[in-house]
Structure formats: structure tokens, C-alpha cells
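Notes for the one structure printed next.
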Protein chains: 2
Amino acid sequence: MKNLRWDDLQVFARVAQSGGLSGAADALDMSAPTVGRRMLALEQATGKSLFVRSRTGYELTDDGRALLRKVRTMEAGARPIEEWISADGERPIIRLSAGTWTANFMAENIPRIWTPDDPYRICFKTTEARLDISHREIEIGVRNRPAESGNLASRRTVDLGFAPYIVRSHPNPRESEWVAIDPDEAITRSARWLSAQDSASVCAWANTPYTLRDLVRAGAGKGVMPCFAGDRDPRLMRAGPLITDLAETQYLVMHNDDRHRPEVRLAIDRLHTLFRDHAALFRGDRPIGSSEMAEEPIA
Amino acid sequence: MKNLRWDDLQVFARVAQSGGLSGAADALDMSAPTVGRRMLALEQATGKSLFVRSRTGYELTDDGRALLRKVRTMEAGARPIEEWISADGERPIIRLSAGTWTANFMAENIPRIWTPDDPYRICFKTTEARLDISHREIEIGVRNRPAESGNLASRRTVDLGFAPYIVRSHPNPRESEWVAIDPDEAITRSARWLSAQDSASVCAWANTPYTLRDLVRAGAGKGVMPCFAGDRDPRLMRAGPLITDLAETQYLVMHNDDRHRPEVRLAIDRLHTLFRDHAALFRGDRPIGSSEMAEEPIA
DNA sequence: AATTTGAATTTCAGAAATGAAAAACCTTCG
DNA sequence: CGAAGGTTTTTCATTTCTGAAATTCAAATT
């Protein structure tokens with residue numbers, strides 16, 4: 001058995017990810033036959049079957065999945081190298097991941113976190129999914145809980161409040177039904193909360209937060225949103241008090257090895273300041289002069 | 001620029017480690033010309049000079065050192081893969097690192113931590129140097145402080161006491177001089193302590209703890225040893241009270257990803273029990289029936 | 001100063017890996 | 001049921017990589 005070649009692991013990761021030879025071949029700029037032969041060699045070297053081969057693609061076996069998990073941590077080690085190479089003179093890219101509304105808030109305040117003269121560039125990754133910081137998918141994540149393990153560091157920012165919102169022009173706010181996130185797509189706590197309320201009557205579902213807001217704006221019903229998003233929307237008003245079940249705290253999470261990189265440090269500091277400056281908005285303290293329904297317990 | 005090949009990084013690490021092509025070529029089972037060409041290609045791919053080439057070998061540049069640091073974390077990811085491959089059916093190897101005396105203690109108590117029927121094997125790494133657990137050089141380290149960062153976990157075991165020892169048959173214990181560790185080799189706190197004592201008169205140096213003990217046993221003078229080592233040696237007796245400056249606490253340190261592997265868990269538990277069972281010995285409480293000099297402050 | 005030694009480097013024939021094209025194969029869609 | 005589409009696999013000429021030996025070179029030794 002010839003010794004393990006790292007190249008083959010690199011190829012393996014792509015095959016595993018794309019689920020077949022042809023996809024990996026494109027991504028790696030090699031030919032499919034070569035990729036196939038490499039995987040044969042890797043199975044030879046490991047002495048294990050890694051794939052179930054079929055005409056429709058390559059599927060991982062249990063051993064294959066076990067290997068993939070390990071190769072992922074190697075990829076995490078390789079990523080900084082690739083960046084180190086390409087970052088020659090060019091400004092480094094800080095990948096910043098957040099949920100829809102948080103990303104929206106940051107994007108609208110982009111001058112507070114980035115200016116053209118800054119020694120870095122920013123790549124927004126807007127998703128409710130939790131990208132893997134310890135495996136270097138992103139540099140900074142905005143999360144609703146601190147990181148526990150995996151060599152990550154966290155920095156607390158602000159408390160978050162959630163409330164139901166409805167369009168200001170709604171003819172009958174008190175009787176309105178709910179607009180919810182499709183339970184199949186509900187990742188965040190706030191999206192799942194509504195399904196847990198037995199008494200809530202839902203009239204429409206959406207699969208993205210933006211669509212949910214559009215439905216609420218159009219008068220379809222009331223929807224749960226974070227206060228910092230709902231209170232900033234002039235077309236909406238609160239349809240009830242803060243939902244205490246959903247109160248949470250926001251954290252900036254980063255890789256331990258990155259926290260002292262000057263550009264990451266700078267971005268973190270600015271984000272921290274930005275959020276802290278709007279602490280009242282995030283907590284859900286009423287915005288000055290906003291109108292709203294009289295308070296009463298919801299649903 | 002062709003994309004980075006992981007293979008070349010693997011080769012790079014060996015070249016950097018062995019300081020030249022020929023050493024790396026032997027270790028990797030390739031020819032020296034091939035290794036040389038690969039490194040040329042790597043410099044091409046990175047666009048940086050990684051080595052200063054000379055007839056006597058390859059020396060790293062600053063960029064080379066920067067790259068090596070990053071490649072080391074990739075190696076850390078690769079090591080579990082290699083073990084996963086070779087561990088097919090065979091019992092896994094737990095590499096256990098400790099200082100001279102601790103290793104000696106564990107070795108003498110090997111039945112307490114390993115028996116032939118156990119589902120693992122043990123590899124002792126006896127050294128005063130601190131091997132890199134986060135980079136997977138060892139599974140378990142016996143340390144005198146808990147790990148702070150780098151995805152490591154620590155478990156506290158016992159308190160350690162240090163004292164000066166002298167051979168029982170010494171004609172004039174009170175007037176004896178010191179046997180010390182060569183300051184150039186002094187890594188541990190206890191080895192460096194003596195140099196810091198202005199009033200200490202040293203008559204002999206040794207570069208290993210064992211030689212130091214042999215010198216003390218032979219009557220050359222008195223030497224600092226951990227109590228668990230000195231008190232167990234029937235030929236030695238204390239030449240003074242505990243050295244409070246040197247009191248420290250012992251920890252078992254392991255990688256966070258390893259702590260739940262059953263065999264590592266088992267070994268850790270046994271080590272913990274072994275040390276705890278001898279807590280009094282380690283702390284330096286006098287062994288029953290041992291003779292010693294009358295106490296008085298040491299030089 | 002000449003010699004030895006131990007390393008990198010060059011040369012070049014042979015070995016191994018590669019890609020294009022073709023073939024084989026399964027799935028899907030009409 | 002047949003055809004189309006997409007994927008893997010085989011084939012084979014070509015390219016690339018490799019190792020042995022020869023060469024070069026600098027430092028250490030005699």
C-alpha cells in the first residue's frame with residue numbers, strides 16, 4: 001500500500017461534495033477519468049470502500065462519510081493557505097454571515113462597518129443556516145448564542161426582542177390571522193415559535209423572511225419579526241407586546257486564530273459599536289413617536 | 001498559476017522539517033530531484049520564495065516559516081486520517097507524553113494504566129519538551145498547567161512538591177554543594193530554579209534528570225527532585241524542606257476531539273485514579289518510616 | 001592546498017498519469 | 001417501448017512526472 005497522498009484527499013472532498021465524478025472534474029479542472037482513477041487509488045490506499053458507484057453518480061459509504069468528516073478539518077487548514085497566497089497585496093476578504101434581518105440591518109449601515117479606504121473587503125453571507133466557522137467557511141458570524149467549543153471566540157453585543165407586526169392600514173388588527181414561515185423551512189427559533197402556539201390561526205406561509213414581510217405589508221395578516229426590523233418599517237406597526245419567549249442575546253462569533261488579525265479585529269469592533277449604538281432598537285424599546293395598537297396579550 | 005496541490009504541501013512540510021531535499025526524499029520515499037522539482041513548483045504556485053537554497057541544504061525564508069505554520073495545522077488534520085486507515089482492526093495507539101520522573105512513575109505502574117487485554121496500546125514519549133497536542137503530536141500530555149486555548153481539554157490530578165535530596169550515606173549533608181541541570185538544557189521550572197538562587201554553590205551539572213540522580217546517588221552533592229521521585233528512592237533522603245517556590249499542580253491535557261474516544265477516556269480515567277491514589281506522595285507528605293535530615297531552611 | 005564528503009542539480013530514458021474520444025450504462029421522459 | 005440525456009468507464013496516444021546516474025558545487029578535513 002502506497003502512502004496516502006494528500007492530493008487524493010483534496011479530490012475526494014470535491015467528489016463527495018458534488019456527488020459525482022463529472023462535477024468534481026469541472027470544479028478541479030481535471031478530466032472525469034482522472035478523478036475516477038484517483039478515487040480508485042484512494043480506496044486502494046485506505047483499504048476501504050468509500051463510494052457506492054452508480055451510473056448516476058458517486059454516493060458515500062459509511063467509511064466515506066467518516067473520511068469526509070476528517071478531510072473537512074484538513075480543508076479548514078488549507079483555506080488559510082489559499083488566502084495567504086491570493087492575499088498578496090490585495091485586501092483580504094472578511095466573510096460575514098448573518099440571518100436575513102441582521103444582514104439587512106448591516107447592509108443598510110454599511111458605511112459604519114466598511115469604507116472604500118478600509119484595508120479589507122466584505123463578503124456578506126445571508127442565510128439562516130449556521131455556517132461552520134471552525135471549518136473556516138466564514139470569518140465572522142452573527143449568532144444568537146455564544147460559541148461553546150471548537151476553538152471559537154464570542155463577543156456579546158445586544159439583547160434582541162421579537163414582536164408581532166401588522167400593516168398600519170389593516171382594517172381590523174385585532175382579528176387578524178397569522179402569516180408564518182413554512183415549517184419545513186423554519187430554522188430560527190422565532191420561525192418555529194408560531195407552530196408551537198396551539199391557538200394561533202395561520203392564514204399564509206412564506207419560505208423566506210422577506211416574503212413574510214411582503215405578505216404582512218400587503219395586509220395578509222400579522223407576522224413575527226425582530227423588533228429592529230419591524231420597528232424600522234414605516235408601513236408596519238406592532239400587533240401586540242414583546243414576545244418574551246423569544247427574547248435572546250446576540251453574539252459575534254469568530255475563529256480564535258482570526259481574532260487578532262487586525263482587519264478582523266477592526267470589523268468586529270465596528271460591528272460591536274454599531275449594534276450597541278442601537279441597543280434600544282434591538283431590545284424592542286418603543287421607537288419615538290411610533291403608533292401602534294393598544295397592548296394586550298397575544299393569541 | 002496552477003491551483004495549489006496538497007501533495008506539495010505535504011512534501012514541503014518534510015523538507016522544512018529535515019532541512020533539505022535528501023532527508024525529505026528518504027522520509028517520503030521519493031528521489032531528491034523530484035522533491036526539488038516539487039518545491040520549485042510550490043514556489044511557483046504560491047508566488048513566493050520559500051527557501052534559501054544552498055549546497056548544504058534548504059533553509060526556510062520568512063514566507064516559508066509562515067507557510068510551515070499553516071501547513072502544520074493541515075498535518076494535524078491529516079494525522080487522524082492516517083490513524084483511521086492503519087487502525088483497521090488493530091488496537092489504536094495512545095501517545096502519552098510526560099517529563100522524566102512522571103514517565104518513570106507511570107512506567108513503574110504500567111499495570112495500573114494498561115494490561116495486555118486492553119483495547120489500546122501505549123506509546124511513551126518521555127521528554128521535558130512540550131509536545132504539541134493541538135497539532136496531534138500526542139494524545140495525552142501530563143503537564144504542570146492546564147491548557148488555555150487551541151481546542152484542548154484539561155483534567156486536574158494532584159499537587160506536586162519539590163525538595164532537595166542527598167544520598168543517605170553522605171558524610172556531611174549540611175555542607176554539601178548542589179548538583180544542577182545544565183542551564184542550557186534547563187527546561188522545567190525546577191531545573192531553572194537553582195540558577196536563580198544566588199547563594200547556591202553548584203559543584204556539578206548534568207544534562208538529564210537521570211544523570212542528576214546518579215550524581216546525587218554517588219554522593220556528588222544534593223539535587224532538586226520532585227518528591228514523588230526522591231521519596232521513592234531508598235538510597236536518597238531529603239536534604240531540606242519542601243521548596244515552596246516550586247509547588248505546582250499537575251494536569252492531564254488532551255485534544256478536545258479525543259476526549260470522548262473510548263480508549264482515550266479509559267486511559268485518562270486510569271491515569272487520574274493512579275495519580276490521585278498517590279496524592280500524598282506527590283504533594284510531598286513524608287513517606288512512612290523514611291529517615292531524613294533535620295529540617296532547616298535551605299541555602 | 002588538495003582531498004573528501006555530503007549535499008543540490010542536471011540529464012535523459014523510462015514509467016506513470018492524463019485527457020479526448022468512444023463506449024457502455026442507467027434513468028428519465030415522451 | 002424507444003429515444004434522449006447524463007454519467008461512468010474504457011481505450012489509447014500524449015504529456016508529464018520520476019528516478020538513476022552523472023555532474024556540480026561548497027564546506028570540512030587532511
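Note on naming: letters A, B, ... go to the chains in the order of the sequence lines (proteins, then strands), and numbering restarts at 1 for each one.
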Test side-chain contact (heavy atoms from CB on, under 4.5 Å) applied to A:Thr100 and A:Thr208, step by step: CA-CA 9 Å; A:Thr100 302; A:Thr208 75; over 6 Å; no
When you look at A:Asp26 and A:Arg14, which way does the salt bridge (charged side-chain N to carboxylate O under 4.0 Å, His left out) test go after all the steps? CA-CA 10 Å; A:Asp26 288 350; A:Arg14 286 320 270 261; over 6 Å; no
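A salt bridge does not link B:Arg72 to B:Asp132: none of the charged nitrogens lies less than 4.0 Å from a carboxylate oxygen.
Less than 4.0 Å separates DNA chain D from at least one heavy atom of each of the following residues of residues 13-21 of chain A: A:Gly20, A:Leu21.
Nearest heavy-atom pair across B:Pro209 and B:Ile181 is N-CD1, 4.1 Å.
A:Thr127 pairs by the side-chain hydrogen bond (donor to acceptor under 3.5 Å, both in side chains) definition with nothing, not counting sequence neighbours.
Distance CD (A:Gln44) to P (C:dA16): 15 Å, rounded to an integer number of Å. Spacing between atom CE of B:Met39 and atom P of D:dC17 amounts to 13 Å, rounded to whole angstrom units. To the nearest angstrom, C1' of D:dC25 lies 14 Å from OH of B:Tyr58. For the pair B:Met30 CE and C:dA17 P, the interatomic distance rounds to 11 Å; values are reported in whole Å. For the pair B:Asp26 CG and D:dA20 C1', the interatomic distance rounds to 15 Å; values are reported in whole Å. One atom, CZ of A:Arg53, and another, P of D:dT10, lie 10 Å apart when rounded to the nearest Å. Rounded to a whole Å, the CG atom of B:Leu40 is 12 Å from the C1' atom of C:dT10. The interatomic distance linking B:Asp7 (CG) with C:dA16 (P) rounds to 17 Å, in whole Å.
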For a quick check, with a 4.0 angstrom heavy-atom cut-off, what is the B/S/- contact string for nucleotides 20-30 of chain C, read 5' to 3'? BB--BBSS---
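Between the side chains of A:Tyr120 and A:Arg91, not a single donor N or O lies within less than 3.5 Å of an accepting N or O.
You'll find the side chain of A:Asn144 reaches within 4.5 Å of the side chain of A:Arg130, heavy atoms only.
Contact annotation: A:Ser22 side-chain N/O to D:dT8 OP1/OP2 distance is under 4.0 Å.
In this structure, the nucleotide among C:dT9, C:dG19, D:dT18 sitting nearest to the side chain of A:Thr34 is C:dG19.
Mapped onto DNA chain C by nearest heavy atom, A:Asp29 and B:Gly36 fall at different nucleotides, with B:Gly36 at the one closer to the 5' end.
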